[in-house]
Amino acid sequence: MPALEDAIKFYEENYDVLGSWMLRPGEKIMLGDKENRVCRFCGKTTPEVQFRKDAHAVSEMLGNKSLFTAYECDTCNGGFGKGIEQDLGNWSKPMRTMARIRGKSGVPTLKRGGDTGWRIECDDARTFKINDYETDPVTAIDEEKKSISFKLKRDPYTPVGVMKAFVKMGLTLLPAEELPNFRQALAWIKDKDHSRRFANDLPVFYAFQPGPMPNDLIAAIVLRLKDGVTGLPYAFFVLGYGNEVFQFVLPTEKDKGIDGKRMDLMTFPTPGSPDPLRFPMTGRAVLNLGGTEVIKGETCPITMGFDAINWTKPDGTPSAPPS
């Protein structure tokens, strides 16, 4: 707890909250002026571009059903959807499935093709249905400890594309008056040539909160350095959904003065596990999402607890546990 208190003090002393949202399905919030629409990402307006599609401020695949913007044109929306959001979707899919995050078409199903390929899906009752085969196992089950481990493969993705997708959400949530400070970042997220480096070396702070977390709640926060404070990144974007919390530096021209300098940063305070007596402490790591080459066949290891397992044969009839 002292570390949590230190983190709270650090951000209270150094940063202002420019925007904070706690999102659940059922309420629609529109950011921006619907009567005078100008695209934040290309600068165009009607009739040169259209604004007919729902533009999600936070990606719909992460469960956002309520926060939209009036300042993303259909052309840019489609370009992001076919580009960096594909990278984000492929990279995040295993965790979204296991955390039961409902995207556009519900909780994504994980599977390997073929008649005997493994398959993992979640029904409306929050029950996981797992098809596994001895010839190609994807699970390791410890019934005594009531734990199940998965080695799930991510679909191909480009790491910096994932970073751009997260940064794009942060730039979407910035107040309009801040945009002149982020011109290079706005151009960078639209650049389809991922070999052109810009913010690739920035760290990504990651926290994993163990235990049964809400699967329909998203927390999004945009922070900016307080007036008079120097030597720290100008802006952060913090996004939490399911069990995961991500913290990104929003790259800006204002950070040129600290480029290459050593600094001591604290990660944004997170509430932690819902039951600290039953579940481990929040796990933290620094992710590297600056790679510019496509990653194929990467394994995502996940371990979960369970209350009960029902064993069945492929035809659905009851079966004894495997020996």
Taking [Y] as the starting point, is it possible to reach [X] by hopping between hydrophobic residues whose side chains are less than 4.5 Å apart?
X	Y	answer
Leu239	Leu67	yes
Ile221	Leu217	no
Ile189	Val38	no
Met263	Phe268	yes
Leu62	Phe68	no

Ring pair (Phe, Tyr, Trp, His ring centres under 6.0 Å): pairs with one or both residues in residues 163-184, sequence neighbours excluded: Phe166-Phe246, Phe166-Phe248
How many angstroms lie between atom [atom1] of [X] and atom [atom2] of [Y], to the nearest 0.5 angstrom?
X	Y	atom1	atom2	result
Leu186	Cys76	CG	SG	10.0 Å
Phe128	Arg100	CZ	CZ	6.5 Å
Arg102	Asn215	CZ	CG	6.5 Å
Ile141	Met304	CD1	CE	12.0 Å
Leu232	Leu225	CG	CG	6.0 Å
Leu250	Leu223	CG	CG	9.0 Å

Would you indicate whether the side-chain heavy atoms of [Y] and [X] approach each other to under 4.5 Å?
X	Y	answer
Tyr241	Met213	no
Lys145	Thr303	no
Val138	Leu152	yes
Asp191	Phe198	no
Leu179	Arg40	yes
Val49	Asp74	no
Lys44	Cys73	no
Lys226	Asn14	no

For [X] versus [Y], what's the shortest heavy-atom pair and its separation?
X	Y	value
Leu202	Pro251	CD1-CB, 4.0 Å
Ala7	Thr267	CB-O, 3.6 Å
Phe51	Thr45	CE1-CA, 4.2 Å
Gly290	Pro159	N-CB, 4.4 Å
Pro203	Val286	CB-CG1, 3.8 Å
Pro233	Tyr15	O-OH, 2.6 Å

Judged by atom type as modelled, is there a donor-acceptor pair below 3.5 Å linking the side chain of [X] to the main-chain atoms of [Y]?
X	Y	value
Thr109	Glu121	no
Asn131	Trp118	no
Lys153	Gly297	no
Asn90	Tyr157	no
Lys65	Gly103	yes
Arg197	Thr292	no

Tell me which donor-acceptor pairs under 3.5 Å the side chains of residues 170-178 have, and how far apart each pair is, sequence neighbours excluded?
residue : atom : partner : partner atom : Å
Thr172  : OG1  : Lys168  : O            : 2.7
Glu178  : OE1  : Asn181  : ND2          : 3.0
Glu178  : OE1  : Tyr234  : OH           : 2.9
Glu178  : OE2  : Arg224  : NH1          : 2.8
Glu178  : OE2  : Tyr234  : OH           : 3.1

ring-ring contact (aromatic ring centres under 6.0 Å, His included) involving Phe306 - partner list, sequence neighbours excluded: none
Pairing of Asp216 and Arg24 as salt bridge, 4.0 angstrom limit: yes
Evaluation steps, side-chain contact (heavy atoms from CB on, under 4.5 Å), between Trp188 and Val160: CA-CA 11 Å; Trp188 176 64; Val160 76; 3.7 Å; yes
Pair Phe80-Lys164, side-chain contact (heavy atoms from CB on, under 4.5 Å): steps then yes or no: CA-CA 10 Å; Phe80 290 131; Lys164 287 182 179 182; over 6 Å; no
Trace of the side-chain contact (heavy atoms from CB on, under 4.5 Å) decision for Arg37 with Thr46: CA-CA 8 Å; Arg37 296 194 176 201; Thr46 53; 5.9 Å; no
Residue pair His194, Ile84: steps toward the side-chain contact (heavy atoms from CB on, under 4.5 Å) verdict: CA-CA 10 Å; His194 292 328; Ile84 57 179; 4.1 Å; yes
Working for salt bridge (Lys or Arg N to Asp or Glu O under 4.0 Å), residues Arg154 and Glu298: CA-CA 6 Å; Arg154 290 189 168 107; Glu298 183 177 80; 2.7 Å; yes
Exceeds 12 heavy-atom contacts within 6.0 angstrom, atom CG of Asp193: yes
Phe236 and Phe205 aromatic ring geometry - parallel, tilted or perpendicular at 30°/60° bounds: tilted
